[in-house]
Trainee: 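Below are the structure tokens for one structure; questions will follow.
Throughout, a chain's letter reflects where its sequence line sits, starting with A, and its residues are numbered from 1.
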Number of protein chains: 2
Amino acid sequence: MTALPNRDRRAERREDTRREILDAAWAVARQDGLENVTLRAVAERVGMRAPSLYSHFESKNAIYDAMFGQAWSEYLDQIEDLDASLPAAPRKALLFMLQTFVDFCTADLPRFQLMNLRVVTGFAPSPEAYAPSLRVMELFRRRAAALGAPNDEDVDLLAAAVGGLVDAQWSNDPGGTRYIRLLPRAIDALADDLGLPGPKLRRKR
Amino acid sequence: MTALPNRDRRAERREDTRREILDAAWAVARQDGLENVTLRAVAERVGMRAPSLYSHFESKNAIYDAMFGQAWSEYLDQIEDLDASLPAAPRKALLFMLQTFVDFCTADLPRFQLMNLRVVTGFAPSPEAYAPSLRVMELFRRRAAALGAPNDEDVDLLAAAVGGLVDAQWSNDPGGTRYIRLLPRAIDALADDLGLPGPKLRRKR
DNA sequence: GTCTATACACCGATAGAC
DNA sequence: GTCTATCGGTGTATAGAC
């Protein structure tokens, strides 16, 4: 009976290659647009021929799928250990949380398109890739409940409104702040409606 | 000196053909998805070969452009003569206006994607096609001002939030009402923030 | 297992005959 | 104005070298 190595070096290398391919895909997406990602362009960036990618991903949509999961996981990592640094005031805490999402989404257009819009037709995230986005939503619900907004509908409305602000920002004023600067006002309005304690984030006009 | 006919029959026929092509493009978009529209599929539907479309549109993006303008014009027509039938209560009037937009956007996914999202990369609407969407926004601002919301920022926030609701509806619960049913609550919250007179659309929890 | 070479069917677009 | 023929590109599939 031979001893098994305690690390599977082959699997590690495989995982490295997969990550390298995904990095290349992100780079191409940022340069040429999310749906202008081509297997040939990705392959060239990692020093391969296009068909070789099929040794690591079973299709182009599988690459999109992995990118989708990667993006949400990255955001999840960023907010997971944030409980300690949340402000005490409920509205400020809400703003802080949502602002991290807005910042994350406005920093990278193809990432936002992949995470929040259904830009790539024929692509629907697999349950596995969808999981981290559900965890984000769950975490958000838990924190909102702790702040005094226990209702799922409230969180849905807030999430949809924030997504709408980011989308409008990218669509109508890319690089500017015309829409996303309205986030504090949106939170105040909703918080008032929910009966969340003050103080208000913005002065009333 | 020969008399000119008072109608340019040739131009009329040309316009008819253009409209026929656009109708076919919408049909393909609804069947196969907005970005799976191919010139060959559109041409087949109108009984042509693909290259013949170039006699009527200078590129595929020009077809998208015309569709974009068509969609917004259609919505503009629908709401232009609505002043008379608006409810008297400000919040009800606001809800009525926004509900027409939500209904219009939830009725047809490719149309919504073309109007509100930037799904087709490399496509940006021409100034000419963009005009009717600006007229819709202008009309909306005018009516909101008449209802007591004269500030551009308020209208921006409301528009972005409504767009977010529709997008979340299509992305996470297509065919359902989970998000769009929150419209009255969203309006109440914003209206309270703006100091718009009641009565409220929804009972407070 | 990993990669290359090659092929296929499709895409948007153009040239030129009629 | 519509056609055929064709171009360079695409995603995808498979055979086979190593």
Trainee: What closest approach, in Å, do A:Asn116 and B:Ser171 show between heavy atoms, and which atom pair accounts for it?
Mentor: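 Minimum heavy-atom separation between A:Asn116 and B:Ser171: O-OG, 3.8 Å.
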Trainee: Does C:dC10 have its OP1 or OP2 closer than 4.0 Å to a side-chain nitrogen or oxygen of B:Arg40?
Mentor: no
Trainee: If I take atom CD in residue A:Glu20 and atom C1' in nucleotide C:dC3, what distance separates them, rounded to the nearest angstrom?
Mentor: 15 Å
Trainee: Main chain of A:Ile187, side chain of A:Arg91: is a donor-acceptor contact present, judged purely on distance under 3.5 Å?
Mentor: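 Checking the backbone N and O of A:Ile187 against the side chain of A:Arg91, no donor-acceptor pair under 3.5 Å is found.
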Trainee: Reckon A:Leu39 touches a base, only the sugar-phosphate, or nothing at all at heavy-atom distances under 4.0 Å?
Mentor: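 Base contact - A:Leu39 has a heavy atom under 4.0 Å of at least one base atom.
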Trainee: Which nucleotide in the list C:dG12, D:dT4, C:dT2 gets nearest to the side chain of B:Pro51?
Mentor: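 Per side-chain heavy atoms of B:Pro51, the pick is D:dT4.
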Trainee: A:Met48 side chain: which of C:dC11, D:dC3, C:dT4 is closest?
Mentor: C:dT4
Trainee: Looking at D:dG1, I'd like to know if its phosphate oxygens (OP1 or OP2) sit under 4.0 Å from a side-chain N or O belonging to B:Ser52.
Mentor: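 B:Ser52 to D:dG1 OP1/OP2: no side-chain N or O under 4.0 Å.
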Trainee: Taking CG from B:Leu53 and P from C:dA13, how many angstroms apart are they, rounded to a whole number?
Mentor: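 After rounding, the gap between these two atoms is 10 Å.
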Trainee: Let me know the distance between CD of A:Glu35 and P of D:dG11, rounded to the nearest Å.
Mentor: 12 Å
Trainee: Within the pair B:His56 and D:dT2, is there a side-chain N or O less than 4.0 Å away from OP1 or OP2?
Mentor: yes
Trainee: Taking only the side-chain heavy atoms of B:Ser55 (C-beta and beyond), determine which of C:dT2, D:dT2, D:dG11 contains the nearest atom.
Mentor: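 Selected nucleotide: D:dT2.
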Trainee: Roughly, in whole Å, what's the span from CD in A:Glu58 to P in D:dA13?
Mentor: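 Between P of D:dA13 and CD of A:Glu58: 9 Å.
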Trainee: How is B:Ser59 classified with respect to the nucleic acid when contacts are heavy atoms under 4.0 Å: base, sugar-phosphate, or nothing?
Mentor: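 Touches sugar-phosphate only.
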Trainee: Is a donor on one side and an acceptor on the other found under 3.5 Å between the side chain of A:Glu20 and the backbone of A:Val46?
Mentor: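 It does not hold such a pair.
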Trainee: Are any of A:Tyr54's side-chain N or O atoms less than 4.0 Å away from OP1 or OP2 of D:dT12?
Mentor: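 Indeed, a polar side-chain atom of A:Tyr54 lies that close.
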Trainee: So, A:Arg45 and A:Asp23, do they make that salt bridge, N to O below 4.0 Å?
Mentor: no
Trainee: Base, sugar-phosphate alone, or nothing: which one does A:Val42 contact when heavy atoms must sit under 4.0 Å apart?
Mentor: nothing
Trainee: Any side-chain N or O of A:Arg14 under 4.0 Å from OP1/OP2 of C:dG1?
Mentor: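 So the side-chain polar atoms of A:Arg14 never come under 4.0 Å of the phosphate oxygens OP1 or OP2 of C:dG1.
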Trainee: In whole Å, I'd like the distance from the NZ atom of B:Lys60 to the P atom of C:dC11.
Mentor: 9 Å
Trainee: Could you tell me the separation between the CD1 atom of B:Ile21 and the C1' atom of D:dT2, rounded to a whole number of Å?
Mentor: 12 Å
Trainee: How close or far is atom C1' of C:dA13 from atom CZ of B:Arg49, stated in whole angstroms?
Mentor: 17 Å
Trainee: Starting at CG of B:Asn36 and ending at P of D:dT10, how long is that distance when rounded to a whole Å?
Mentor: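 In whole Å, D:dT10 P lies 17 Å from B:Asn36 CG.
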Trainee: So, B:Ser133 versus B:Tyr75: side-chain donor-acceptor pair below 3.5 Å or not?
Mentor: no
